[in-house]
Amino acid sequence: MIDIKLLEKKAEGGPSYLDEYRQSLLNRGSSTEILDQIVELNKRRKELITQAEQAKSRQNKVSAEIAQLKRNQQDASSLIAEMGQLAAEVKNMEASAGKADEEVQYLLLTIPNKPQADVPVGKSADDNKVEKAVGTPTKFGFPAKEHGDLGEKLGILDFERAGKVTGARFTFLKGAGARLERALIQFMMDMHSMKHGYTEMIPPFIVNSTSLTGTGNFPKFKEDVFRLEGFDYYLIPTAEVPVTNYYNNEILNESDLPKKFCAYSPCFRSEAGSHGRDTKGLIRQHQFNKVELMVFTHPSQSHELHEQLTTHAEKILEALELPYRRMLLCTGDMGFGSARTYDLEVWLPGQSQYREISSCSNFEDFQARRANIRFRPANGKPQFLHTLNGSGLAVGRTLVAILENFQREDGSVGIPKALQPYMGGLTEIRPS
RNA sequence: GGAGAGGUGGUAGAGUGGUUGAAUACACCAGUCUUGAAAACUGGCAUGCCUUCGCGGGCAUCGUGGGUUCGAAUCCCACCCUCUCCGCCA
(Lines give C-alpha, C1' and ligand atoms only; values in the text may rest on other atoms or scores of the structure.)
Protein backbone atom coordinates (compact mmCIF):
# COMPACT_ATOMS: atom_id res chain seq x y z
CA MET A 1 0.00 0.00 0.00
CA ILE A 2 1.21 3.44 -0.77
CA ASP A 3 0.95 6.46 1.49
CA ILE A 4 -2.11 8.43 0.46
CA LYS A 5 -0.72 11.57 2.03
CA LEU A 6 2.10 11.58 -0.48
CA LEU A 7 -0.42 11.68 -3.30
CA GLU A 8 -1.73 14.96 -1.95
CA LYS A 9 1.58 16.66 -1.47
CA LYS A 10 2.18 19.60 -3.73
CA ALA A 11 5.15 19.45 -6.04
CA GLU A 12 8.04 21.73 -5.21
CA GLY A 13 10.34 22.03 -8.16
CA GLY A 14 10.34 18.42 -9.39
CA PRO A 15 7.39 16.26 -10.33
CA SER A 16 4.84 15.66 -7.57
CA TYR A 17 4.57 12.24 -6.03
CA LEU A 18 1.25 11.88 -7.81
CA ASP A 19 2.93 12.43 -11.16
CA GLU A 20 5.75 10.09 -10.29
CA TYR A 21 3.33 7.46 -9.22
CA ARG A 22 1.23 7.93 -12.33
CA GLN A 23 4.34 7.28 -14.39
CA SER A 24 5.24 4.20 -12.39
CA LEU A 25 1.79 2.74 -13.00
CA LEU A 26 2.25 3.35 -16.72
CA ASN A 27 5.65 1.67 -16.53
CA ARG A 28 4.02 -1.35 -14.99
CA GLY A 29 1.49 -1.39 -17.78
CA SER A 30 -1.51 -0.54 -15.63
CA SER A 31 -4.01 2.26 -16.02
CA THR A 32 -3.78 5.41 -13.95
CA GLU A 33 -7.43 6.45 -13.64
CA ILE A 34 -7.58 4.87 -10.25
CA LEU A 35 -5.22 7.52 -8.91
CA ASP A 36 -7.57 10.37 -9.81
CA GLN A 37 -10.40 8.34 -8.41
CA ILE A 38 -8.57 7.96 -5.12
CA VAL A 39 -7.67 11.63 -4.87
CA GLU A 40 -11.27 12.59 -5.61
CA LEU A 41 -12.79 10.15 -3.16
CA ASN A 42 -10.34 11.15 -0.49
CA LYS A 43 -11.42 14.75 -0.76
CA ARG A 44 -14.99 13.68 -0.15
CA ARG A 45 -13.92 11.41 2.65
CA LYS A 46 -12.28 14.31 4.46
CA GLU A 47 -15.30 16.55 4.09
CA LEU A 48 -17.55 13.88 5.54
CA ILE A 49 -15.15 13.22 8.40
CA THR A 50 -14.93 16.91 9.27
CA GLN A 51 -18.69 17.18 9.24
CA ALA A 52 -19.24 14.16 11.45
CA GLU A 53 -16.55 15.19 13.88
CA GLN A 54 -17.99 18.63 14.36
CA ALA A 55 -21.33 17.10 15.23
CA LYS A 56 -19.69 14.72 17.64
CA SER A 57 -17.74 17.51 19.22
CA ARG A 58 -20.98 19.28 20.00
CA GLN A 59 -22.45 16.08 21.31
CA ASN A 60 -19.55 15.57 23.67
CA LYS A 61 -19.71 19.12 24.90
CA VAL A 62 -23.41 19.01 25.70
CA SER A 63 -23.11 15.61 27.33
CA ALA A 64 -20.58 17.14 29.70
CA GLU A 65 -23.03 19.93 30.45
CA ILE A 66 -25.74 17.40 31.19
CA ALA A 67 -23.42 15.60 33.53
CA GLN A 68 -22.70 18.87 35.28
CA LEU A 69 -26.40 19.69 35.67
CA LYS A 70 -27.12 16.25 37.05
CA ARG A 71 -24.33 16.51 39.53
CA ASN A 72 -25.87 19.77 40.73
CA GLN A 73 -29.26 18.08 40.76
CA GLN A 74 -30.62 20.50 38.19
CA ASP A 75 -33.03 19.77 35.37
CA ALA A 76 -31.44 18.65 32.09
CA SER A 77 -34.47 17.33 30.28
CA SER A 78 -34.52 19.95 27.51
CA LEU A 79 -30.87 19.37 26.66
CA ILE A 80 -31.40 15.64 26.68
CA ALA A 81 -34.30 15.96 24.28
CA GLU A 82 -32.20 18.07 21.94
CA MET A 83 -29.39 15.57 22.05
CA GLY A 84 -31.68 12.74 21.11
CA GLN A 85 -32.04 14.32 17.70
CA LEU A 86 -28.38 15.09 17.30
CA ALA A 87 -27.48 11.52 18.19
CA ALA A 88 -29.45 10.24 15.21
CA GLU A 89 -27.79 12.73 12.88
CA VAL A 90 -24.37 11.81 14.18
CA LYS A 91 -25.06 8.20 13.46
CA ASN A 92 -25.87 8.92 9.84
CA MET A 93 -22.89 11.18 9.36
CA GLU A 94 -20.57 8.60 10.84
CA ALA A 95 -21.96 5.94 8.58
CA SER A 96 -21.30 7.92 5.41
CA ALA A 97 -17.86 8.99 6.58
CA GLY A 98 -17.05 5.37 7.39
CA LYS A 99 -18.22 4.25 4.00
CA ALA A 100 -16.10 6.81 2.18
CA ASP A 101 -13.13 5.77 4.25
CA GLU A 102 -13.63 2.14 3.33
CA GLU A 103 -13.84 3.00 -0.35
CA VAL A 104 -10.57 4.89 -0.30
CA GLN A 105 -8.95 2.13 1.70
CA TYR A 106 -10.10 -0.51 -0.74
CA LEU A 107 -8.81 1.37 -3.77
CA LEU A 108 -5.47 1.89 -2.05
CA LEU A 109 -5.22 -1.85 -1.51
CA THR A 110 -5.57 -2.53 -5.21
CA ILE A 111 -2.73 -0.41 -6.52
CA PRO A 112 0.81 -1.75 -6.84
CA ASN A 113 4.03 -0.53 -5.35
CA LYS A 114 6.25 2.02 -7.01
CA PRO A 115 9.39 0.49 -8.55
CA GLN A 116 12.75 1.92 -7.54
CA ALA A 117 14.17 4.57 -9.84
CA ASP A 118 16.78 2.41 -11.53
CA VAL A 119 14.49 -0.51 -12.30
CA PRO A 120 14.49 -0.93 -16.09
CA VAL A 121 11.25 0.11 -17.74
CA GLY A 122 9.83 -2.70 -19.82
CA LYS A 123 6.76 -4.64 -20.83
CA SER A 124 7.59 -8.28 -20.27
CA ALA A 125 10.19 -10.79 -19.13
CA ASP A 126 12.06 -10.04 -22.37
CA ASP A 127 13.00 -6.66 -20.95
CA ASN A 128 14.53 -8.03 -17.78
CA LYS A 129 18.20 -7.29 -17.34
CA VAL A 130 20.82 -9.99 -16.88
CA GLU A 131 22.88 -8.90 -13.89
CA LYS A 132 25.28 -11.80 -13.92
CA ALA A 133 25.62 -15.42 -14.97
CA VAL A 134 27.43 -17.97 -12.85
CA GLY A 135 28.66 -21.28 -14.24
CA THR A 136 28.26 -22.34 -17.84
CA PRO A 137 25.10 -24.01 -19.08
CA THR A 138 25.54 -27.76 -18.78
CA LYS A 139 26.11 -29.56 -22.11
CA PHE A 140 26.06 -33.31 -22.66
CA GLY A 141 27.38 -35.51 -25.42
CA PHE A 142 23.94 -37.07 -25.64
CA PRO A 143 20.40 -35.71 -25.93
CA ALA A 144 19.44 -34.29 -22.53
CA LYS A 145 16.22 -35.61 -21.05
CA GLU A 146 13.61 -33.64 -19.16
CA HIS A 147 13.32 -34.26 -15.44
CA GLY A 148 9.86 -35.76 -15.80
CA ASP A 149 11.07 -38.55 -18.04
CA LEU A 150 14.15 -39.11 -15.92
CA GLY A 151 12.17 -39.20 -12.71
CA GLU A 152 9.54 -41.60 -13.98
CA LYS A 153 12.15 -43.97 -15.41
CA LEU A 154 14.05 -43.86 -12.12
CA GLY A 155 10.85 -44.62 -10.26
CA ILE A 156 11.18 -41.53 -8.06
CA LEU A 157 8.37 -39.39 -9.54
CA ASP A 158 4.82 -40.59 -10.13
CA PHE A 159 2.59 -38.06 -11.83
CA GLU A 160 0.20 -40.67 -13.11
CA ARG A 161 -0.98 -41.92 -9.76
CA ALA A 162 -1.06 -38.43 -8.27
CA GLY A 163 -3.51 -37.57 -11.03
CA LYS A 164 -5.66 -40.47 -9.93
CA VAL A 165 -5.42 -39.67 -6.25
CA THR A 166 -5.83 -35.90 -6.52
CA GLY A 167 -5.71 -34.39 -9.98
CA ALA A 168 -3.49 -32.59 -12.42
CA ARG A 169 -0.39 -30.78 -11.15
CA PHE A 170 0.31 -33.08 -8.24
CA THR A 171 3.10 -35.61 -7.78
CA PHE A 172 4.22 -38.45 -5.63
CA LEU A 173 7.89 -38.32 -4.74
CA LYS A 174 9.13 -41.81 -4.04
CA GLY A 175 12.21 -43.55 -2.71
CA ALA A 176 15.35 -41.57 -3.53
CA GLY A 177 13.16 -38.79 -4.93
CA ALA A 178 11.44 -38.23 -1.60
CA ARG A 179 14.75 -38.47 0.14
CA LEU A 180 16.31 -35.95 -2.23
CA GLU A 181 13.51 -33.46 -1.57
CA ARG A 182 13.92 -33.91 2.16
CA ALA A 183 17.70 -33.58 1.89
CA LEU A 184 17.36 -30.34 -0.05
CA ILE A 185 15.08 -28.81 2.57
CA GLN A 186 17.47 -29.80 5.32
CA PHE A 187 20.49 -28.57 3.39
CA MET A 188 18.97 -25.18 2.64
CA MET A 189 17.65 -24.62 6.16
CA ASP A 190 21.03 -25.57 7.63
CA MET A 191 22.94 -23.22 5.37
CA HIS A 192 20.70 -20.23 6.01
CA SER A 193 20.35 -20.76 9.74
CA MET A 194 23.95 -21.74 10.48
CA LYS A 195 25.93 -19.75 7.91
CA HIS A 196 23.73 -16.82 6.94
CA GLY A 197 22.29 -15.83 10.29
CA TYR A 198 18.59 -16.49 9.78
CA THR A 199 16.38 -17.82 12.55
CA GLU A 200 14.61 -20.87 11.30
CA MET A 201 10.89 -21.14 11.36
CA ILE A 202 8.15 -23.52 10.42
CA PRO A 203 5.03 -21.39 10.13
CA PRO A 204 1.36 -22.30 9.96
CA PHE A 205 0.50 -23.52 6.48
CA ILE A 206 -2.94 -22.00 6.76
CA VAL A 207 -3.60 -18.27 7.25
CA ASN A 208 -6.55 -15.92 7.46
CA SER A 209 -7.57 -13.20 5.02
CA THR A 210 -6.07 -10.42 7.12
CA SER A 211 -2.65 -11.94 6.68
CA LEU A 212 -3.13 -12.31 2.95
CA THR A 213 -4.14 -8.65 2.76
CA GLY A 214 -1.04 -7.72 4.70
CA THR A 215 1.31 -9.25 2.18
CA GLY A 216 -0.61 -7.97 -0.85
CA ASN A 217 -2.19 -11.20 -2.08
CA PHE A 218 -5.62 -9.90 -1.17
CA PRO A 219 -7.88 -8.35 -2.32
CA LYS A 220 -6.52 -8.43 -5.85
CA PHE A 221 -5.27 -12.00 -6.22
CA LYS A 222 -7.88 -13.95 -4.31
CA GLU A 223 -8.32 -16.48 -7.06
CA ASP A 224 -4.69 -17.60 -6.75
CA VAL A 225 -5.09 -19.22 -3.35
CA PHE A 226 -7.02 -22.24 -2.10
CA ARG A 227 -9.70 -21.49 0.44
CA LEU A 228 -10.87 -23.94 3.07
CA GLU A 229 -14.59 -24.27 2.66
CA GLY A 230 -16.58 -22.72 5.46
CA PHE A 231 -13.63 -20.88 6.97
CA ASP A 232 -11.78 -17.62 6.54
CA TYR A 233 -8.73 -19.88 6.17
CA TYR A 234 -6.47 -20.27 3.18
CA LEU A 235 -3.59 -22.57 2.24
CA ILE A 236 -0.49 -20.43 2.07
CA PRO A 237 0.86 -19.66 -1.40
CA THR A 238 4.26 -19.04 0.21
CA ALA A 239 5.74 -18.87 3.70
CA GLU A 240 6.11 -15.15 3.08
CA VAL A 241 2.51 -14.74 4.17
CA PRO A 242 2.65 -16.22 7.67
CA VAL A 243 6.20 -15.01 8.33
CA THR A 244 5.57 -11.40 7.27
CA ASN A 245 2.46 -11.31 9.41
CA TYR A 246 4.36 -12.72 12.37
CA TYR A 247 4.80 -9.10 13.44
CA ASN A 248 1.60 -7.57 12.12
CA ASN A 249 0.24 -4.77 14.31
CA GLU A 250 3.46 -4.67 16.28
CA ILE A 251 6.03 -2.02 17.02
CA LEU A 252 9.56 -3.40 17.13
CA ASN A 253 12.56 -1.85 18.81
CA GLU A 254 14.86 -0.17 16.38
CA SER A 255 17.80 -1.94 18.00
CA ASP A 256 16.23 -5.34 17.27
CA LEU A 257 16.41 -4.75 13.52
CA PRO A 258 17.09 -6.44 11.23
CA LYS A 259 15.10 -9.58 12.02
CA LYS A 260 15.99 -12.42 9.69
CA PHE A 261 14.03 -15.63 9.27
CA CYS A 262 14.30 -18.66 7.04
CA ALA A 263 11.13 -20.67 6.85
CA TYR A 264 10.29 -24.02 5.37
CA SER A 265 6.78 -24.62 4.12
CA PRO A 266 4.83 -26.30 1.41
CA CYS A 267 3.18 -23.77 -0.90
CA PHE A 268 -0.22 -24.12 -2.47
CA ARG A 269 -1.29 -22.27 -5.58
CA SER A 270 -4.44 -22.60 -7.60
CA GLU A 271 -2.57 -21.60 -10.77
CA ALA A 272 -5.76 -20.05 -12.03
CA GLY A 273 -4.99 -18.52 -15.37
CA SER A 274 -2.01 -20.70 -16.19
CA HIS A 275 -3.91 -23.51 -17.85
CA GLY A 276 -1.80 -25.15 -20.49
CA ARG A 277 1.47 -23.70 -19.19
CA ASP A 278 4.12 -26.11 -17.91
CA THR A 279 1.63 -28.92 -17.77
CA LYS A 280 4.34 -31.55 -17.73
CA GLY A 281 6.65 -32.24 -14.85
CA LEU A 282 7.35 -30.56 -11.56
CA ILE A 283 7.76 -26.98 -12.74
CA ARG A 284 4.23 -25.77 -12.03
CA GLN A 285 2.48 -27.75 -9.34
CA HIS A 286 -0.42 -26.92 -7.05
CA GLN A 287 1.78 -27.93 -4.13
CA PHE A 288 5.51 -27.51 -3.77
CA ASN A 289 8.06 -27.09 -1.03
CA LYS A 290 10.00 -23.91 -0.55
CA VAL A 291 12.52 -22.46 1.85
CA GLU A 292 11.85 -18.76 2.18
CA LEU A 293 14.15 -16.00 3.38
CA MET A 294 12.47 -13.08 5.08
CA VAL A 295 13.92 -9.90 6.53
CA PHE A 296 12.39 -7.08 8.57
CA THR A 297 14.72 -4.14 8.25
CA HIS A 298 15.30 -0.49 8.97
CA PRO A 299 14.51 1.47 5.79
CA SER A 300 18.06 2.75 5.59
CA GLN A 301 19.36 -0.82 5.33
CA SER A 302 16.83 -2.41 3.06
CA HIS A 303 18.70 -1.98 -0.18
CA GLU A 304 21.89 -3.44 1.19
CA LEU A 305 20.11 -6.34 2.88
CA HIS A 306 18.18 -7.08 -0.29
CA GLU A 307 21.45 -7.54 -2.15
CA GLN A 308 22.68 -9.71 0.70
CA LEU A 309 19.56 -11.84 0.79
CA THR A 310 19.82 -12.46 -2.93
CA THR A 311 23.41 -13.55 -2.46
CA HIS A 312 22.32 -15.98 0.22
CA ALA A 313 19.93 -17.64 -2.19
CA GLU A 314 22.68 -17.77 -4.80
CA LYS A 315 24.95 -19.58 -2.35
CA ILE A 316 22.63 -22.57 -2.43
CA LEU A 317 22.83 -22.78 -6.22
CA GLU A 318 26.58 -22.45 -6.10
CA ALA A 319 26.96 -25.13 -3.44
CA LEU A 320 24.85 -27.45 -5.57
CA GLU A 321 26.98 -26.65 -8.63
CA LEU A 322 24.01 -25.44 -10.63
CA PRO A 323 24.54 -22.86 -13.40
CA TYR A 324 22.32 -19.83 -12.96
CA ARG A 325 21.91 -16.19 -13.73
CA ARG A 326 20.55 -13.24 -11.82
CA MET A 327 17.93 -11.07 -13.49
CA LEU A 328 16.79 -7.62 -12.48
CA LEU A 329 13.10 -7.63 -13.33
CA CYS A 330 11.73 -4.79 -15.43
CA THR A 331 8.73 -2.73 -14.38
CA GLY A 332 6.31 -4.80 -16.45
CA ASP A 333 7.38 -8.15 -15.00
CA MET A 334 7.61 -7.27 -11.32
CA GLY A 335 5.25 -8.52 -8.68
CA PHE A 336 2.44 -6.32 -7.36
CA GLY A 337 4.02 -5.30 -4.07
CA SER A 338 7.66 -5.18 -5.02
CA ALA A 339 9.84 -2.12 -5.46
CA ARG A 340 12.75 -4.16 -6.78
CA THR A 341 13.02 -7.82 -7.64
CA TYR A 342 15.87 -10.11 -8.61
CA ASP A 343 14.96 -13.45 -10.10
CA LEU A 344 17.46 -16.26 -9.99
CA GLU A 345 17.14 -18.52 -12.98
CA VAL A 346 18.69 -21.97 -13.05
CA TRP A 347 19.84 -23.64 -16.22
CA LEU A 348 17.75 -26.65 -17.23
CA PRO A 349 19.46 -28.70 -19.95
CA GLY A 350 16.35 -30.81 -20.51
CA GLN A 351 14.51 -27.67 -21.60
CA SER A 352 17.58 -25.84 -22.89
CA GLN A 353 16.60 -22.74 -21.00
CA TYR A 354 16.93 -20.85 -17.76
CA ARG A 355 13.94 -21.14 -15.43
CA GLU A 356 13.05 -19.12 -12.34
CA ILE A 357 14.05 -20.86 -9.13
CA SER A 358 14.04 -17.90 -6.77
CA SER A 359 12.53 -14.46 -6.61
CA CYS A 360 14.01 -11.94 -4.18
CA SER A 361 12.09 -8.75 -3.58
CA ASN A 362 12.35 -5.55 -1.64
CA PHE A 363 8.85 -4.40 -0.71
CA GLU A 364 10.09 -1.32 1.09
CA ASP A 365 7.18 -0.21 3.31
CA PHE A 366 4.44 -1.55 1.04
CA GLN A 367 3.65 -4.62 3.12
CA ALA A 368 4.59 -2.99 6.41
CA ARG A 369 1.94 -0.33 5.85
CA ARG A 370 -0.68 -2.95 4.99
CA ALA A 371 0.22 -5.21 7.88
CA ASN A 372 0.97 -2.28 10.19
CA ILE A 373 4.47 -3.33 11.17
CA ARG A 374 6.53 -0.52 12.62
CA PHE A 375 9.63 0.17 14.63
CA ARG A 376 10.26 2.88 17.18
CA PRO A 377 13.24 5.08 16.34
CA ALA A 378 15.40 6.13 19.28
CA ASN A 379 13.74 9.53 19.58
CA GLY A 380 10.64 9.65 17.52
CA LYS A 381 7.34 8.37 16.29
CA PRO A 382 6.94 4.79 15.18
CA GLN A 383 7.53 4.35 11.47
CA PHE A 384 7.01 1.57 8.98
CA LEU A 385 9.91 -0.77 8.52
CA HIS A 386 10.86 -2.46 5.27
CA THR A 387 10.25 -6.08 4.36
CA LEU A 388 12.31 -8.26 2.06
CA ASN A 389 11.86 -11.81 1.02
CA GLY A 390 13.17 -14.32 -1.42
CA SER A 391 13.11 -18.01 -2.15
CA GLY A 392 16.11 -19.77 -0.83
CA LEU A 393 15.14 -21.85 -2.88
CA ALA A 394 12.06 -23.40 -4.45
CA VAL A 395 12.77 -26.99 -3.49
CA GLY A 396 10.83 -28.77 -6.25
CA ARG A 397 12.52 -26.75 -8.94
CA THR A 398 15.89 -27.42 -7.34
CA LEU A 399 15.18 -31.11 -7.56
CA VAL A 400 14.32 -30.58 -11.22
CA ALA A 401 17.61 -28.77 -11.76
CA ILE A 402 19.62 -31.54 -10.13
CA LEU A 403 17.94 -34.26 -12.16
CA GLU A 404 18.53 -32.42 -15.40
CA ASN A 405 22.03 -31.11 -14.74
CA PHE A 406 23.42 -34.27 -13.16
CA GLN A 407 21.86 -36.77 -15.56
CA ARG A 408 23.94 -39.31 -17.41
CA GLU A 409 23.48 -41.03 -20.71
CA ASP A 410 22.23 -44.24 -19.05
CA GLY A 411 19.46 -42.35 -17.25
CA SER A 412 21.09 -42.39 -13.82
CA VAL A 413 21.58 -39.14 -11.91
CA GLY A 414 24.50 -38.00 -9.77
CA ILE A 415 24.10 -36.28 -6.43
CA PRO A 416 25.95 -32.98 -5.92
CA LYS A 417 28.80 -33.41 -3.44
CA ALA A 418 27.41 -30.92 -0.96
CA LEU A 419 24.21 -32.90 -0.75
CA GLN A 420 25.67 -36.36 -0.36
CA PRO A 421 25.98 -36.16 3.44
CA TYR A 422 22.27 -35.32 3.53
CA MET A 423 21.55 -38.39 1.39
CA GLY A 424 23.26 -40.80 3.73
CA GLY A 425 26.33 -40.88 1.50
CA LEU A 426 24.37 -41.76 -1.64
CA THR A 427 26.29 -40.53 -4.69
CA GLU A 428 23.84 -41.35 -7.45
CA ILE A 429 20.31 -42.44 -8.18
CA ARG A 430 19.81 -45.49 -10.38
CA PRO A 431 16.61 -47.19 -11.47
CA SER A 432 15.34 -49.35 -8.65
C1' G B 1 -17.73 -30.49 21.71
C1' G B 2 -19.36 -29.24 27.31
C1' A B 3 -18.45 -25.99 31.86
C1' G B 4 -15.92 -21.83 33.81
C1' A B 5 -12.38 -17.46 33.88
C1' G B 6 -10.36 -13.64 31.15
C1' G B 7 -8.78 -10.08 26.97
C1' U B 8 -7.17 -2.38 29.27
C1' G B 9 -1.20 1.78 26.99
C1' G B 10 5.95 -0.76 25.37
C1' U B 11 5.13 -4.33 29.80
C1' A B 12 2.59 -5.49 34.42
C1' G B 13 -1.93 -4.00 36.39
C1' A B 14 -6.33 -0.60 38.66
C1' G B 15 -10.84 0.90 37.05
C1' U B 16 -18.73 -1.62 36.80
C1' G B 17 -22.67 4.51 33.23
C1' G B 18 -20.84 11.22 33.46
C1' U B 19 -13.85 16.19 33.47
C1' U B 20 -11.06 8.19 32.57
C1' G B 21 -6.95 8.66 27.19
C1' A B 22 -7.52 5.96 31.29
C1' A B 23 -4.68 5.27 38.59
C1' U B 24 -0.15 2.89 39.93
C1' A B 25 4.44 0.36 38.98
C1' C B 26 8.16 -1.02 35.60
C1' A B 27 10.43 0.14 31.04
C1' C B 28 11.89 4.30 28.02
C1' C B 29 13.66 9.66 27.14
C1' A B 30 15.61 14.41 29.10
C1' G B 31 17.66 17.00 33.24
C1' U B 32 19.98 17.48 38.40
C1' C B 33 23.74 15.02 41.16
C1' U B 34 28.53 12.13 39.76
C1' U B 35 35.37 12.02 37.16
C1' G B 36 32.01 8.31 34.62
C1' A B 37 28.20 4.84 35.58
C1' A B 38 24.61 3.20 39.06
C1' A B 39 21.33 4.96 42.78
C1' A B 40 18.34 9.04 44.20
C1' C B 41 15.53 13.24 42.73
C1' U B 42 12.78 16.36 38.89
C1' G B 43 10.21 16.48 34.42
C1' G B 44 8.47 14.04 30.00
C1' C B 45 6.44 9.72 27.74
C1' A B 46 0.13 6.05 23.47
C1' U B 47 -1.57 5.54 18.40
C1' G B 48 -4.38 6.90 14.18
C1' C B 49 -7.30 10.45 11.67
C1' C B 50 -9.42 15.60 10.60
C1' U B 51 -8.03 20.78 10.82
C1' U B 52 -3.95 24.72 10.95
C1' C B 53 1.71 27.97 7.42
C1' G B 54 2.70 27.21 12.70
C1' C B 55 1.24 27.39 17.95
C1' G B 56 -2.82 24.78 18.60
C1' G B 57 -7.82 22.71 18.23
C1' G B 58 -11.03 18.50 17.32
C1' C B 59 -12.49 13.16 16.67
C1' A B 60 -11.58 8.11 17.50
C1' U B 61 -9.26 3.98 19.95
C1' C B 62 -9.66 -0.30 26.69
C1' G B 63 -9.99 -8.05 21.69
C1' U B 64 -13.52 -7.24 16.99
C1' G B 65 -18.34 -5.83 15.19
C1' G B 66 -23.20 -4.35 16.46
C1' G B 67 -26.87 -2.45 20.19
C1' U B 68 -28.95 0.40 24.61
C1' U B 69 -28.21 5.67 26.37
C1' C B 70 -28.12 12.72 26.05
C1' G B 71 -23.45 10.07 27.50
C1' A B 72 -20.17 3.36 27.47
C1' A B 73 -13.53 0.71 29.19
C1' U B 74 -17.97 0.13 32.40
C1' C B 75 -24.72 -2.41 30.49
C1' C B 76 -26.74 -5.95 26.30
C1' C B 77 -25.90 -9.23 21.78
C1' A B 78 -22.72 -11.78 18.29
C1' C B 79 -17.96 -13.20 16.93
C1' C B 80 -12.52 -13.90 17.67
C1' C B 81 -8.57 -15.14 20.90
C1' U B 82 -6.18 -16.88 25.64
C1' C B 83 -6.32 -19.82 30.13
C1' U B 84 -8.46 -23.90 33.55
C1' C B 85 -11.38 -28.43 34.02
C1' C B 86 -14.08 -32.43 31.33
C1' G B 87 -14.61 -35.13 26.63
C1' C B 88 -12.04 -36.42 22.08
C1' C B 89 -7.47 -36.85 19.54
C1' A B 90 -1.61 -37.11 16.75
Side-chain angles (χ1 to χ4, degrees), chain A residues 1-12 38-109 202-214 218 227-228 230-234 242 245-257 259 296 365 368-385:
Chain A
M1 191 156 69
I2 59 163
D3 185 356
I4 191 167
K5 285 189 174 160
L6 290 177
L7 291 181
E8 298 177 321
K9 267 205 176 145
K10 296 249 162 52
E12 287 173 28
I38 288 175
V39 171
E40 194 53 40
L41 263 171
N42 194 40
K43 220 185 268 173
R44 191 174 143 64
R45 165 184 160 266
K46 287 182 170 183
E47 286 166 8
L48 289 171
I49 286 178
T50 305
Q51 229 175 60
E53 286 188 352
Q54 277 168 357
K56 294 203 78 166
S57 179
R58 161 124 183 97
Q59 193 180 39
N60 288 342
K61 211 169 276 171
V62 177
S63 287
E65 284 171 29
I66 292 173
Q68 189 62 43
L69 288 175
K70 292 225 163 179
R71 253 195 304 276
N72 298 341
Q73 308 206 322
Q74 289 173 292
D75 175 50
S77 54
S78 68
L79 276 183
I80 288 178
E82 183 197 334
M83 283 300 98
Q85 279 227 316
L86 184 60
E89 282 171 43
V90 163
K91 204 172 250 183
N92 283 333
M93 289 167 141
E94 274 190 317
S96 20
K99 208 175 145 214
D101 194 54
E102 263 172 41
E103 282 169 359
V104 171
Q105 213 56 28
Y106 179 82
L107 289 180
L108 279 175
L109 287 174
I202 299 180
F205 303 154
I206 295 173
V207 293
N208 59 32
S209 57
T210 305
S211 293
L212 283 155
T213 305
F218 280 13
R227 175 173 189 165
L228 272 58
F231 298 87
D232 182 38
Y233 283 171
Y234 305 81
N245 283 284
Y246 185 68
Y247 287 124
N248 79 26
N249 286 315
E250 292 194 33
I251 300 172
L252 308 184
N253 289 324
E254 184 176 35
S255 56
D256 290 339
L257 298 178
K259 294 262 192 195
F296 300 87
D365 64 5
R369 181 171 282 110
R370 287 173 162 250
N372 193 27
I373 310 171
R374 295 171 294 175
F375 70 95
R376 194 181 296 280
N379 272 319
K381 299 241 163 214
Q383 62 176 280
F384 294 116
L385 46 72

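Here is how names work: the chains are called A, B, and so on, in the same order as the sequence lines, proteins then strands, and each is numbered from 1.
At most 12 heavy atoms of other shown residues, nucleotides or ligands fall within 6.0 angstrom of atom CZ in R44(A).
Between the C1' atom of C59(B) and the CE atom of M93(A) lies a distance of 13 Å, rounded to the nearest Å. Rounded to an integer number of Å, the gap from R376(A) CZ to U11(B) C1' is 12 Å. In this entry the distance linking CG of N72(A) with P of U19(B) reads 14 Å, nearest Å. Going from atom CD of E53(A) over to atom C1' of C50(B) covers 5 Å, rounded to whole Å. Taking atom CG of residue N372(A) and atom P of nucleotide C49(B), one finds them 10 Å apart after rounding to whole Å. Taking atom NZ of residue K70(A) and atom C1' of nucleotide U69(B), one finds them 10 Å apart after rounding to whole Å.
Remark: S255(A) OG to F375(A) CZ distance equals 11.0 Å, nearest 0.5 Å.
Nucleic acid contact class of I66(A) (heavy atoms, under 4.0 Å, all strands): base. Across all strands shown, A64(A) has no heavy atoms under 4.0 Å from either base or sugar-phosphate atoms. Across all strands, Q68(A) comes closer than 4.0 Å to no nucleic acid atom at all (heavy-atom distances). Within the nucleic acid shown, R58(A) has no heavy atom closer than 4.0 Å to any nucleic acid atom. At the heavy-atom level, N60(A) lies under 4.0 Å from the strands shown only through sugar-phosphate atoms. Residue K61(A) is out of contact with every strand shown, counting any heavy-atom pair closer than 4.0 Å.
By the 4.0 Å N-to-carboxylate-O rule, E89(A) lies too far from R58(A) to be salt-bridged with it.
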Discussion item. Please determine whether side chain to side chain contact (heavy atoms under 4.5 Å, CB included) holds for the pair M1(A) and Q105(A), giving the CA-CA distance in whole Å, both sets of side-chain angles, and the decisive distance to 0.1 Å.
Written reply: CA-CA 9 Å; M1(A) 191 156 69; Q105(A) 213 56 28; 3.9 Å; yes
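If you check U47(B), G71(B), G58(B) against the side chain of K381(A), the one that comes closest is U47(B).
In terms of phosphate contacts, R374(A) brings no side-chain nitrogen or oxygen within less than 4.0 Å of OP1 or OP2 of U47(B).
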